[in-house]
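Notes to accompany the following structure.
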Amino acid sequence: MGNTTFSIKSYLFHWLVKEDCYSIQGPYLYGLIKGLFEFRKNQHDQDLDIEEFRRKLLHDKRILFVEDMGAGSKKAGKEFRKVCDITKYSTSSRKFAQLYQYFCTHTPAQTVLELGTCLGISTRYLSRVTKGNLYSFEGSSEIQKLARQDFDQAHVKFILGPIEDRLSEILKQVNSLDFVLIDANHTYQATTRAFQSILPYTKESSIVAIGDIHWSKEMNRAWKEIQSHPRVKISLDFYECGILIFDFSGTKQHLILDY
């Protein structure tokens with residue numbers, strides 16, 4: 001009940017204070033957010049095969065055993081979950097998958113990290129804009145097996161196992177990170193630990209996305225702590241996710257945005 005009440009209050013606050021792109025001051029931020037909507041418009045007829053994959057999953061009644069290493073799911077059950085429920089409640093919508101694509105294209109996109117493959121929908125979207133390698137981490141073997149179904153891309157590396165065990169070994173193999181999506185274990189500790197782990201590998205041109213920043217009080221706490229980090233110059237709150245930008249010469253900015 002506590003998390004539900006928090007989510008309602010958090011959404012109402014976001015709805016009351018959110019800005020559209022025409023309210024944004026400054027040419028850089030205005031152009032950045034206006035570009036997001038233009039990108040979505042231009043992508044209207046793109047990646048429809050991924051949505052067909054989503055449609056099939058939404059009709060899949062199979063039950064999976066899920067090795068959940070995070071805060072669980074509010075609606076899809078605990079250890080045993082239907083594929084259709086995981087798809088409905090635990091995957092990124094098309095518009096947010098496109099948001100991740102857009103911000104990924106604002107980086108060199110040579111090394112992309114996704115913490116939380118889930119069923120591979122956002123993985124597929126990110127793979128279309130990744131110019132180098134995409135490393136996608138998933139803790140549940142049965143979920144990863146479905147995510148990899150009919151998806152054999154040489155530049156996509158699927159990593160199985162607890163993120164806290166596997167992330168460090170992958171980070172040792174890369175020189176730097178361009179785009180990172182943190183959308184796995186929705187707890188304060190796991191989210192802040194993931195951010196601290198990837199931070200030394202980011203550079204000014206890097207962008208970090210964090211999913212479900214208002215999922216619970218502790219996720220909201222993690223988001224507020226992360227956005228206050230001295231290296232973060234711009235933080236964008238889209239309610240369902242947050243975006244962190246390091247390359248900005250102006251004063252530190254935090255925007256709550258309509259999307």
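- Contact of the T117 side chain with the I159 side chain is not registered, since no non-hydrogen atoms from C-beta on lie closer than 4.5 Å.
- Under the 4.5 Å side-chain criterion, counting only non-hydrogen atoms from C-beta, P108 is in contact with S205.
- The neighbour count for F37 CZ, taken as heavy atoms of other residues, nucleotides or ligands under 6.0 Å away, is above 12.
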Next on the checklist: side-chain contact (heavy atoms from CB on, under 4.5 Å), that's the test. Do E142 and I63 meet it? Break it down for me.
Outcome noted: CA-CA 10 Å; E142 289 200 27; I63 296 175; over 6 Å; no
Checklist entry - Step by step, would you call I8 with T5 a side-chain contact (heavy atoms from CB on, under 4.5 Å)? => result CA-CA 5 Å; I8 294 170; T5 303; 5.8 Å; no
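- Under the 30°/60° scheme for interplanar angles, the aromatic rings of F238 and Y259 are found to stand perpendicular.
- Interatomic distance, E138 CD to R166 CZ, rounded to the nearest 0.5 Å: 12.5 Å.
- The shortest side-chain heavy-atom distance between V232 and V208 does not fall under the 4.5 Å cut-off.
- There is no side-chain donor-acceptor pair under 3.5 Å between T192 and E225.
- The side-chain hydrogen bond (donor to acceptor under 3.5 Å, both in side chains) test applied to R193 returns no partner, not counting sequence neighbours.
- Residues I33 and F39 are members of one and the same hydrophobic cluster, defined by side-chain heavy-atom contacts under 4.5 angstrom among Ile, Leu, Val, Met, Phe, Trp and Tyr.
- S10 pairs by the side-chain contact (heavy atoms from CB on, under 4.5 Å) definition with F6, H214, Y239, not counting sequence neighbours.
- Here K82 does not pair with D60 in a salt bridge; the nearest charged N to carboxylate O distance is not below 4.0 Å.
- In terms of heavy-atom proximity, R128 sits nearest to D49 at NH2-OD2, 2.6 Å.
- The minimum heavy-atom distance between S206 and L177, with the atom names listed, is OG-O, 2.6 Å.
- Linking Ile, Leu, Val, Met, Phe, Trp and Tyr whenever their side-chain heavy atoms come within less than 4.5 Å puts L36 and I207 in one cluster.
- Checking E114 against T123 by side-chain atom types alone, a donor-acceptor pair falls below 3.5 Å.
- Residues V180 and I170 fall within the same hydrophobic cluster, defined by Ile, Leu, Val, Met, Phe, Trp and Tyr side chains chained together at heavy-atom separations under 4.5 Å.
- Under the 3.5 Å distance criterion, with hydrogens and angles disregarded, no donor-acceptor pair is assigned to the side chains of Q227 and D237.
- For F13, the CZ atom sits in a loose shell: 12 or fewer heavy atoms of surrounding residues, nucleotides or ligands are nearer than 6.0 Å.
- Because its NZ or CZ atom is not both nearer than 6.0 Å to the ring centre of Y102 and within 45° of the ring axis, R40 does not count as a cation-pi partner of that residue.
- Counted within 6.0 Å of CG on N42, heavy atoms from surrounding residues, nucleotides or ligands total more than 12; the atom is thus considered enclosed.
- Among residue pairs with one or both ends in residues 147-156, none qualify as side-chain hydrogen bond (donor to acceptor under 3.5 Å, both in side chains); sequence neighbours excluded.
- From L134, atom CG reaches atom CG of D178 across 12.0 Å, with rounding to the nearest 0.5 Å.
- Considering all non-hydrogen atoms of both residues, A147 and C118 come closest at CB-O, 3.5 Å.
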Item to check | Criterion side-chain contact (heavy atoms from CB on, under 4.5 Å) on K61 and C84, from CA distance to verdict | outcome: CA-CA 6 Å; K61 306 296 185 183; C84 55; 4.0 Å; yes
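- For K203, the NZ atom counts as densely surrounded, since its 6.0 Å shell holds more than 12 non-hydrogen atoms of other residues, nucleotides or ligands.
- Linking Ile, Leu, Val, Met, Phe, Trp and Tyr residues whenever their side-chain heavy atoms come within less than 4.5 Å leaves F246 and L236 in two separate clusters.
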Checklist entry - side-chain contact (heavy atoms from CB on, under 4.5 Å) between T191 and E218: does it pass, once the steps are laid out? => result CA-CA 10 Å; T191 303; E218 62 175 313; over 6 Å; no
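- Residue pairs meeting the salt bridge (Lys or Arg N to Asp or Glu O under 4.0 Å) criterion with at least one member in residues 99-109, sequence neighbours excluded, do not occur.
- The environment of K252 atom NZ is dense: over 12 non-hydrogen atoms of other residues, nucleotides or ligands sit within 6.0 angstrom.
- Interatomic distance, R231 CZ to F195 CZ, rounded to the nearest 0.5 Å: 7.5 Å.
- With rounding to the nearest 0.5 angstrom, the OG atom of S141 is 11.0 Å from the CG atom of L146.
- In terms of heavy-atom proximity, S92 sits nearest to A97 at CB-N, 4.3 Å.
- Taking 4.5 Å as the limit, some side-chain heavy atom of L119 sits within range of a side-chain heavy atom of I143.
- Of the inter-residue distances, the one linking I24 atom CD1 with L257 atom CG reads 5.0 Å to the nearest 0.5 angstrom.
- Looking at L99 and I243, their side chains come closer than 4.5 Å, going by heavy atoms from C-beta outward.
- The cationic group of R124 lies under 6.0 Å from the six-membered ring centre of F53 and within 45° of the ring axis, placing it in a cation-pi geometry.
- The cluster map of Ile, Leu, Val, Met, Phe, Trp and Tyr, joined by side-chain heavy atoms under 4.5 Å apart, puts Y135 and Y100 in different clusters.
- Nearest heavy atoms, K172 versus Y201: N-OH, 4.4 Å.
- Partners of E204 under the side-chain hydrogen bond (donor to acceptor under 3.5 Å, both in side chains) rule, at least two apart in sequence or in another chain, do not exist in this structure.
- Residues E52 and R55 meet the side-chain proximity criterion, which asks for heavy atoms closer than 4.5 Å.
- For K88, the NZ atom sits in a loose shell: 12 or fewer heavy atoms of surrounding residues, nucleotides or ligands are nearer than 6.0 Å.
- Among pairs with a residue in residues 14-31, those fulfilling side-chain hydrogen bond (donor to acceptor under 3.5 Å, both in side chains) read K18-D258, D20-S23, at least two apart in sequence or across chains.
- Counting only heavy atoms from C-beta outward, the side chains of I226 and I213 never approach each other to under 4.5 Å.
- We find the CZ-CD1 distance between R54 and I121 to be 4.0 Å, quoted to the nearest 0.5 Å.
- The closest side-chain heavy-atom distance from H106 to I245 is not below 4.5 Å.
- The nearest pair of heavy atoms linking E164 to N185 is OE1-ND2, 4.2 Å.
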